[in-house]
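Proteins come first, then strands; the chains are lettered A, B, ... in the order of their sequence lines, and each starts at number 1. Side chains included, hydrogens not; waters and symmetry mates left out as well; all remaining heavy atoms used.
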There are 2 protein chains.
Amino acid sequence: MSTTTGQRPMRADARRNYERLLAEAKESFLEHGADASLEEIARRAGVGIGTLYRHFPTRLALQEAVYREEMEQLAAKAYELAETSPPDEGIAAWILAIAEYSRTKRGLVQILKATIDLHSDQFISCHDQIETAAETILARAHAAGTARPDLRPCDLLRLAHALSVASERAPEDTELLLSFMLDGLRPRS
Amino acid sequence: MSTTTGQRPMRADARRNYERLLAEAKESFLEHGADASLEEIARRAGVGIGTLYRHFPTRLALQEAVYREEMEQLAAKAYELAETSPPDEGIAAWILAIAEYSRTKRGLVQILKATIDLHSDQFISCHDQIETAAETILARAHAAGTARPDLRPCDLLRLAHALSVASERAPEDTELLLSFMLDGLRPRS
DNA sequence: AACAATACGGAGGTACCCTCCGGTTGGCAA
DNA sequence: TTGCCAACCGGAGGGTACCTCCGTATTGTT
C-alpha cells in the first residue's frame, strides 16, 4: 500500500488519486469514525469508487495507510519514554498516549485490534513496529524488576486497547481507569 | 418493551409475533454478533420487517429485550458473590463473569456500553439493575477496606467492558488480563 | 354480526458494499 | 511527434440492509 509498487513508480494519475483518497479518508475517519462510508470518501476525493478499491482493497487497508504515520509516532514515543522515564511510569504514559490518541482518531481502534490479532497478515509492518516498541519499553521494566515477569508486549497493547474502548464515552475518567489497571483495586499499603 | 403496554394486555397476534422475534433475535445475535441483520431476524421469525420495528423501534431495544434476562442473572450473581466470597475475590469473579459472558453472547457488549453511558434513557431499568448490583458488591469491599475508596460502581462496569473487548480475540488470556487490571503491573512484594 | 381499534407486512426510497469491464490516459519507443 | 499498450479510471450493476409509511387484515368487544 505504498506509493510505489516496489518496481516502477506509480503513474502520475494513480499517485495523485492515491493521495487525494488518503487525505479525504483521514478527514472522514476523523469525522465519522472508523466506519465512515467508503463511497463518500471516494466522492469527496473526486474519484470513482472503483479507484478507491483498487488502491485499498479493504477498509482496513485504507485505515492502515491513514494511520501508519501516527502509528510510527506512537512507536517513537515508546522509545522516547524508554529513555526519559522510569520504566513503570513510561509504560503508564505510553498506554495513556495510545488510549488518548485512539479516542481522537477513532479509526485507530480497529487497527489496534487487527494489530493485536496475530492472524492478520495485512498488518505485518504496523504490527512489528508497535510490538517491537512495546517490547522495548517493557524490557527495561522487566530488567528493573518493576513489571511482572509474565507481562508480555501484546498484553500491553491489549490493555491500551481495552482502555481506549472503555473510556470512549467518558474521556475524563481515562486516567482513573488506567490507574485501576496499573495499581490494582486494593488500597495502597 | 414488555409484553404488555402497561394498560390492556397485548393482542394475541402481537404477543405471538413479539415472542417469535425475541427467539430469533437471540439466535441471530448469538450467531452473527450484535449487528446481525434485523431483516433476517424478521424473516426467520416469519414476520414482516415492519412488525419488528413496531415492537423494537431500535436495534438496541431489541438487544435489551434479548439480554434482559441474562442481565438479571449477572446482577443476581453479584449478590450471590457478595455473600459467599471475600470482597475482593468477589469483585474479580464478577468482572470475569461479565467478561466471559459477553464473549459468548456478543450482543451484551453493546448493552454494557449503553449501560455505562449515563445519557442512555432507553436502558434505565437495565442500568439501575446492574449498577445497583455493582454498588452492592463494591460496598462490601469498601467496608472491608480492600478496595480503593475512589473506585465507583461504574468503574467496575467499565473495567468489565474493557476486559470483554480486549480479550475478544484471545479468550485464553482473559484471566491474565484481569489479573493485570486487578493486581497492577508491579511484582508481588 | 358488525365495527373500531390494533396490528400486520412489504413495497419503496435511500445508502452502502464490492465487482467487473469498456473506455481513457500516461509515458515510452520509434 | 506520433502511436501504441500497459496501467489506470469510473461508475453501472447486483446484492444487502436500513427504516418509514400506509393500505389491508386480524382481534376482541358490543
Side-chain angles (χ1 to χ4, degrees), chain A residues 1-25 27-66 106-107 110 114 122, chain B residues 1-25 27-66 106-107 110 114 122:
Chain A
M1 250 10 73
S2 96
T3 48
T4 67
T5 324
Q7 315 277 14
R8 303 274 143 245
M10 288 172 91
R11 243 172 63 171
D13 52 350
R15 177 173 200 107
R16 183 168 13 94
N17 286 335
Y18 178 93
E19 257 141 31
R20 281 186 188 164
L21 281 169
L22 218 49
E24 286 312 324
E27 191 107 353
S28 281
F29 285 148
L30 190 60
E31 197 168 329
H32 300 111
D35 34 51
S37 159
L38 298 184
E39 286 193 325
E40 195 193 321
I41 291 175
R43 229 154 30 224
R44 302 212 310 200
V47 143
I49 184 65
T51 300
L52 185 150
Y53 275 97
R54 198 171 328 98
H55 283 299
F56 310 100
T58 173
R59 160 174 247 110
L60 229 46
L62 180 53
Q63 294 177 327
E64 186 213 356
V66 167
R106 289 181 283 173
Q110 271 194 26
Q122 303 251 5
Chain B
M1 249 16 70
S2 96
T3 49
T4 67
T5 324
Q7 316 277 14
R8 303 276 144 243
M10 288 173 92
R11 243 171 62 171
D13 53 348
R15 178 173 199 105
R16 183 169 11 96
N17 287 336
Y18 179 93
E19 257 141 31
R20 282 185 187 165
L21 280 168
L22 218 49
E24 286 311 325
E27 191 108 353
S28 281
F29 285 148
L30 190 60
E31 197 168 327
H32 300 110
D35 33 53
S37 159
L38 299 184
E39 286 193 324
E40 196 194 321
I41 291 175
R43 227 153 31 224
R44 302 211 311 199
V47 142
I49 184 66
T51 300
L52 185 150
Y53 275 98
R54 199 171 326 99
H55 283 298
F56 309 99
T58 173
R59 157 173 252 112
L60 230 45
L62 180 53
Q63 295 177 326
E64 185 212 359
V66 167
R106 287 182 284 173
Q110 272 194 22
Q122 303 252 5

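Rounding to whole angstrom units, CZ of residue A/Arg16 and C1' of C/dT25 are separated by 10 Å. We find that OH of A/Tyr53 is positioned 13 Å from C1' of D/dG15, with the value rounded to whole Å. Between the CZ atom of B/Arg54 and the C1' atom of C/dG10 there is a distance of 11 Å, rounded to whole Å. As a whole-Å value, the separation of A/Glu39 CD from D/dT16 C1' is 13 Å. Rounded to whole Å, atom P of D/dC19 lies 11 Å from atom CG of B/Leu60. Look at CG on A/Leu52: it is 13 Å from P on C/dC16, rounded to the nearest Å. Protein atom CE of B/Met10 is 15 Å distant from nucleotide atom C1' of D/dG28, rounded to whole Å. Here the P atom of nucleotide D/dA17 and the CD atom of B/Glu40 are 7 Å apart, to the nearest Å.
Between A/Arg15 and the phosphate of C/dG26, there is no side-chain N or O to OP1/OP2 separation shorter than 4.0 Å. The side chain of B/Ser37 contributes no N or O atom lying less than 4.0 Å from OP1 or OP2 of D/dT16. OP1 or OP2 of C/dG9 sits under 4.0 Å from a side-chain N or O of B/Thr51. Side-chain N/O atoms of B/Asn17 include none lying less than 4.0 angstrom from OP1 or OP2 on C/dA7. Side-chain nitrogen and oxygen atoms of B/His55 include at least one within less than 4.0 Å of the OP1 or OP2 phosphate oxygen of C/dC8.
Minimum interatomic distance between A/Ala65 and A/Tyr18 (heavy atoms only, all atoms of both residues): CB-OH, 4.2 Å. Contact record, A/Ile49 with A/Ala42: CA-CB, 4.0 Å, taken as the closest heavy-atom pair.
Both B/Gly48 and B/Arg11 sit near DNA chain C, but only B/Arg11 has its closest nucleotide nearer the 5' end. Each of A/Gly50 and B/Ile49 was matched to the nucleotide of DNA chain D holding its nearest heavy atom; the match closer to the 5' end belongs to A/Gly50.
Sorted by first and then second residue, the side chain to side chain donor-acceptor pair (under 3.5 Å) pairs with a member in residues 41-53 of chain A read A/Glu24-A/Arg44, A/Ser28-A/Arg44, A/Glu40-A/Arg44; sequence neighbours excluded.
Two residues are said to be in side-chain contact when any heavy atoms from C-beta on lie closer than 4.5 Å; A/Gln63 and A/Leu60 meet this criterion.
For A/Ala12, taking side-chain heavy atoms from C-beta onward, the closest of the listed nucleotides C/dG26, D/dT20, C/dC17 is C/dG26. In the set C/dT19, C/dC8, D/dC8, the nucleotide with an atom closest to the side chain of B/Asp13 is C/dC8.
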I'd like to know whether A/Arg59 forms a side-chain contact (heavy atoms from CB on, under 4.5 Å) with A/Asp35, so could you lay out the CA-CA distance, the side-chain angles of the two residues, the decisive distance to 0.1 Å, and finally the verdict.
CA-CA 8 Å; A/Arg59 160 174 247 110; A/Asp35 34 51; 4.1 Å; yes

